[in-house]
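Each chain gets a letter, A, B and so on, in the order its sequence line appears, and its residues count up from 1.
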Number of protein chains: 2
Amino acid sequence: MTAEALAKRELPGPPYYAVIFSSQRAGGGNRDDGYGAMADRMLELAARQEGFLGVESARGADGFGITISYWRDEASIARWKADAEHLRAQQLGQSLWYERYDLRVAKVERAYAKAAALE
Amino acid sequence: MTAEALAKRELPGPPYYAVIFSSQRAGGGNRDDGYGAMADRMLELAARQEGFLGVESARGADGFGITISYWRDEASIARWKADAEHLRAQQLGQSLWYERYDLRVAKVERAYAKAAALE
């Protein structure tokens, strides 16, 4: 399932949780260093976790990106955080891929969606 | 203040609020239609609001983007939502700039940051 397909899944109504990962790629992201393959693999793994609701991601040409994964509850987030393969990716991220990152865990309280009207 | 400068401001410790705005630009964002100027202006206006803590934003080449603004409390979000100039931008966004958007209000409960070690 691609990131786009995952993002387009309808989420259930709130409350649910968001893990907000904001990151600046090292060197502006000009060198891949295995990053793309890891990101795809992490998406695939996350989507299989119990309690995973969806993900959305955007990265600009300056190498700054935001990925938000949505989860049913805190327990789902804790399991994903402790996943062995994910732990290795986290370590590589710290040492190789990211110049800086911020991680925030937030409880989504309200949500609205709007799609352009089809005429 | 640029988006980058705002994003690099250190936020206070949680709890605080995040307004997560995910959007798909109409036509993949190939036509500007005044969008860039509006986005800059909204950033400038938001940064002046009481309770504004910071913002971060990323948009990829496919026109999908995520902007997250951070706020001290729900009252700050309500005031910003009702700002007259912001209301006009919201209407234009719905009719002109966005193919689809999702808006989520979330309470940030935990936050971690990591900058690459300077050796």
Exercise. Below 4.5 Å, heavy atoms only, C-beta onward: do B:Arg110 and A:Glu74 meet side chain to side chain?
Worked result: yes
For this session: Can you run down the salt bridge (Lys or Arg N to Asp or Glu O under 4.0 Å) pairs that involve residues 26-35 of chain A, sequence neighbours left out, and say none if there aren't any?
Result: A:Arg31-A:Asp33
Exercise. Is the shortest heavy-atom distance from the side chain of B:Tyr98 to the side chain of A:Lys114 under 4.5 Å?
Worked result: no
Exercise. Taking the side chain as C-beta and beyond, is there a heavy-atom pair between A:Ile68 and B:Ile68 under 4.5 Å?
Worked result: yes
Exercise. What option among B:Ser22, B:Ala26, B:Ser23, B:Ser95 has the most heavy-atom pairs under 4.5 Å with chain A?
Worked result: B:Ser22
Exercise. What are the two closest heavy atoms between B:Ala18 and A:Ile20, and how far apart are they?
Worked result: CB-CD1, 4.3 Å
For this session: Using non-hydrogen atoms and a 4.5 Å limit, figure out which bit of B:Phe21 sits close to chain A: side chain, backbone, both or neither.
Result: neither
Exercise. Do you know which two heavy atoms are closest between A:Arg104 and B:Leu11, and how far apart they sit?
Worked result: NH2-CD2, 3.5 Å
For this session: Supply the atom-to-atom distance B:Arg59 CZ to A:Asp62 CG, rounded to the nearest 0.5 angstrom.
Result: 13.0 Å
Problem set entry | A:Lys107 NZ to B:Tyr17 OH distance, which is reported to the nearest 0.5 Å | 10.0 Å
Seminar exercise, completed: To the nearest 0.5 Å, atom OH of A:Tyr70 lies from atom CG of B:Asp102 at 7.5 Å
Exercise. Linking I/L/V/M/F/W/Y whenever any side-chain heavy atoms sit under 4.5 Å apart, do B:Leu87 and A:Tyr112 land together?
Worked result: no
Problem set entry | side chain to side chain contact (heavy atoms under 4.5 Å, CB included) partners for B:Thr67, two or more places apart | B:Val55, B:Ser57
Exercise. So, for A:Gly60 and B:Ala58, which heavy atoms are closest and what is the spacing to 0.1 Å?
Worked result: N-CB, 4.3 Å
